[in-house]
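In this chain, residues are counted from 1 in sequence order.
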Amino acid sequence: MKLLTVNFLTCAVKTCKGSAAAFPLHFRDAELEMQDVEFQPNFIRNIIARVDWSGLHTMANELNFSNIPETKPEAEALENEQLLRDLHRLLLETQVAEGKLICGKCGHEYMIKEGIANFLLPSHLV
């Protein structure tokens, strides 16, 4: 599961709908894998506008990526090649192979196996 994908996910439990605490989902016991992906600076520049930066920063801290700025970079900063490479590495090259995503509101755990998160809920949570 690429980390870029996680930035667009929220808890699917019915009691969490619309709750700010249901996003971002938090990693636990995450086993990371790195996958070489061709550097795509233009993709990073374009996707940053769609990324929830607060959620991204939280996720980066939880996974010990300390080189991600606390606030969303301005357009001029996105000309900094090292920043673009750091974001590329985090968003496109880093994958979670195994672990869990945890909701900050209800505590529901979504298992990640072989890079795929299971978002199927038992009927009483839908």
Side-chain angles (χ1 to χ4, degrees):
M1 166 174 254
K2 291 198 183 291
L3 297 185
L4 177 60
T5 306
V6 178
N7 192 258
F8 298 99
L9 299 175
T10 187
C11 185
V13 173
K14 65 182 170 186
T15 58
C16 293
K17 300 280 187 214
S19 171
F23 177 86
L25 297 174
H26 303 280
F27 286 103
R28 184 178 301 153
D29 304 326
E31 293 179 23
L32 303 179
E33 291 181 351
M34 300 309 289
Q35 177 186 27
D36 286 334
V37 176
E38 183 181 342
F39 181 50
Q40 302 172 43
N42 287 331
F43 177 80
I44 297 300
R45 284 184 194 103
N46 291 329
I47 199 70
I48 289 303
R50 294 169 180 83
V51 168
D52 179 284
W53 196 264
S54 175
L56 176 67
H57 190 259
T58 298
M59 175 182 64
N61 282 338
E62 290 174 355
L63 298 174
N64 297 318
F65 282 86
S66 59
N67 52 351
I68 303 303
E70 190 170 335
T71 58
K72 185 181 280 193
E74 298 294 326
E76 309 82 50
L78 292 176
E79 297 305 317
N80 178 322
E81 185 174 343
Q82 187 57 51
L83 175 61
L84 291 173
R85 287 190 179 277
D86 290 344
L87 290 169
H88 187 271
R89 183 167 177 79
L90 175 68
L91 296 173
L92 299 178
E93 294 181 355
T94 305
Q95 297 190 80
V96 178
E98 306 286 330
K100 300 173 188 170
L101 287 168
I102 313 293
C103 174
K105 181 177 188 302
C106 71
H108 186 76
E109 298 181 352
Y110 300 94
M111 298 299 296
I112 303 170
K113 295 273 188 204
E114 297 179 12
I116 300 170
N118 181 354
F119 282 93
L120 295 175
L121 296 173
S123 60
H124 71 281
L125 296 176
V126 178

Tell me, do [X] and [Y] make a side-chain contact under 4.5 Å, heavy atoms counted?
X    : Y    : value
V13  : C103 : no
E31  : V96  : no
I102 : F27  : no
K113 : N118 : no
K17  : S19  : no
L9   : F119 : yes
R45  : L84  : yes

Backbone N or O of [Y] within a donor-acceptor pair of the [X] side chain at under 3.5 Å?
X    : Y    : answer
Q95  : L3   : no
Y110 : L121 : no
K72  : V51  : yes
W53  : P69  : yes
T5   : M1   : no
T94  : R89  : yes

[X] versus [Y], closest heavy-atom pair with distance:
X   : Y   : answer
G55 : N7  : C-ND2, 3.9 Å
A30 : L63 : CB-CD2, 3.9 Å
V37 : H88 : O-CE1, 3.3 Å
T10 : A22 : OG1-O, 3.1 Å

Can you tell me how far the [atom1] atom of [X] sits from the [atom2] atom of [Y], to the nearest 0.5 Å?
X    : Y    : atom1 : atom2 : answer
I44  : L83  : CD1   : CG    : 9.5 Å
F43  : I48  : CZ    : CD1   : 9.0 Å
L91  : I47  : CG    : CD1   : 8.5 Å
M34  : L32  : CE    : CG    : 8.0 Å
E109 : K100 : CD    : NZ    : 4.0 Å
L101 : M59  : CG    : CE    : 10.0 Å

Do [X] and [Y] sit in one hydrophobic cluster, given that two such residues count as connected whenever their side-chain heavy atoms are within less than 4.5 Å of each other, even indirectly?
X   : Y    : result
L4  : F39  : yes
F23 : F8   : no
L25 : L125 : yes

**Message:** For the residue pair D86 / N67, report whether a side-chain donor-acceptor contact shorter than 3.5 Å exists.
**Reply:** yes
**Prompt:** Should K2 and E93 count as an ion pair when the cut-off is N to O under 4.0 Å?
**Reply:** no
**Prompt:** Can you check salt bridge (Lys or Arg N to Asp or Glu O under 4.0 Å) on R28 and E62, steps first, answer last?
**Reply:** CA-CA 9 Å; R28 184 178 301 153; E62 290 174 355; over 6 Å; no
**Item:** Flag if over 12 foreign heavy atoms under 6.0 Å of CG, D36
**Value:** no
**Asked** side-chain contact (heavy atoms from CB on, under 4.5 Å) between L90 and L56: does it pass, once the steps are laid out?
**Response** CA-CA 10 Å; L90 175 68; L56 176 67; 3.6 Å; yes
